[in-house]
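Indexing begins at 1, ligand by ligand and atom by atom, following the structure's order. The analysis underlying the following values was restricted to heavy atoms, covering all of them including side chains, and did not include hydrogens, waters or symmetry mates.
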Amino acid sequence: MPDNPARTPFVVGNWKLHHTIAESLALCTELKNQLAAVRGVAIGVAPVFTALSEVARRLEGSPIAVCGQNSFHEERGAFTGEVSASMLADAGCTWVILGHSERRQHFGETDDGVGIRARAALAAGLGVIGCVGETESERDAGATESRIAAQLEGLLSPIDAADLGRLVIAYEPVWAIGTGKTATPGQAQEVHAFIRGRLTARAGAAGAAVRIQYGGSVKPDNARALLAEPDVDGALVGGASLRADSFVAIARAATAVR
Ligand code: PEP
């Protein structure tokens, strides 16, 4: 995962709590075959923990990265139910998604906690996809930027500038996740530009080069317009990543616009 001044689009499928090991292997095999010739886009999949090592083994030799859906900040110890970043790396992951809104909503993750997890994951050698996004009521109250700024502060404060090349931000408006309501390309670009401005103010060129994915009901029919926006560097895809045909179409859309 080198620094990425070219901001190659990164399209990641978040499989959430879906797919057995056998189903995960079937899907990643289809993706490996169908995406073998795709160029100009980086691709990742985030299966459930139990499928990670088998998926990683199946994807060996393919450019598709394997991502964890979460990791804890301690490496090992009496933390029943947690998984550390180094254990994800041991299972074959090169990336981890942190601070997804479902983690924040259902498991009480905080802005500061996400930053601590991100620092630990980077120290373990993983790349981090750090998620930020406002709820519908925050947007309606005109608090989108202040909410995103607070989430970014929590995420970025513990991270060394030298590690920014292994950080990706996923802007995922909570009201668009799994709802079928997508941000318009203009709404997405507005927030992405805000995020890039904060990153640049904090870390100059290294901040400006951080990739910013959009997530929230990305589908084959809306991907192209979203990915064409100048500050949208790929997508974090939930529902549409559970089938090879729709995920492949989104990955292809990313290559078509850059
Ligand atoms: C997600 O889970 O990160 C996501 C964006 O889901 P969906 O594409 O289903 O809205």
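For atom 9 (O) of ligand 1, the closest non-hydrogen atom on the protein side is Gly239 N, 2.8 Å. Considering only non-hydrogen protein atoms, atom 3 (O) of ligand 1 sits nearest to Glu172 OE2, 2.6 Å. In this structure, the protein non-hydrogen atom closest to atom 1 (C) of ligand 1 is His100 NE2, 3.2 Å.
Residue contacts with ligand 1: Thr179 is placed with no nitrogen or oxygen under 3.5 Å of a nitrogen or oxygen of the ligand (distance criterion only). Distances between N or O atoms of Gly238 and those of ligand 1 include at least one value under 3.5 Å. Of the polar atoms of Gly215, none of the N or O atoms is found under 3.5 Å from an N or O of ligand 1, judged by distance alone. Distances between N or O atoms of Glu102 and those of ligand 1 include no value under 3.5 Å. An N or O contact shorter than 3.5 Å links Gly178 to ligand 1 by distance.
Ring pair Tyr171/His192 is perpendicular by interplanar angle, where above 60° counts as perpendicular and below 30° as parallel.
Here is the list of ligand 1 atoms found below 4.0 Å of a heavy atom in Ala176: 10 (O). Using a 4.0 Å cut-off to heavy atoms of Ser217, the atoms of ligand 1 that qualify are 7 (P), 8 (O), 10 (O). Close approach of ligand 1 to Gly216 (heavy-atom distance below 4.0 Å) involves ligand atoms 5 (C), 10 (O).
Donor-acceptor pairing under 3.5 Å is recorded for the side chains of Glu153 and Ser157. No hydrogens or angles considered: a donor-acceptor pair under 3.5 Å links the side chains of Glu134 and Trp175.
Rounding to the nearest 0.5 angstrom, the gap separating the CZ atom in Arg139 from the CD atom in Gln187 is 5.0 Å. Atoms CG and OG1, on Asp140 and Thr135 in that order, are 8.5 Å from each other to the nearest 0.5 Å.
The part of Asn14 lying near ligand 1 is the side chain, judged by heavy-atom distances below 4.0 Å.
For the pair Ala235 and ligand 1, no heavy-atom separation below 4.0 Å is found. Under the 4.0 angstrom criterion for non-hydrogen atoms, Lys219 is not in contact with ligand 1.
Residues Leu199 and Val191 share a hydrophobic cluster, clusters being chains of Ile/Leu/Val/Met/Phe/Trp/Tyr side chains in contact below 4.5 Å. There is no path of hydrophobic side-chain contacts, each under 4.5 Å, that joins Leu155 to Ile116.
Arg147 has a carboxylate O that lies under 4.0 Å from a charged side-chain N of Asp111, or vice versa, which qualifies the two as a salt bridge.
Between the Arg117 side chain and the Asn70 main chain, no donor and acceptor come within less than 3.5 Å of each other.
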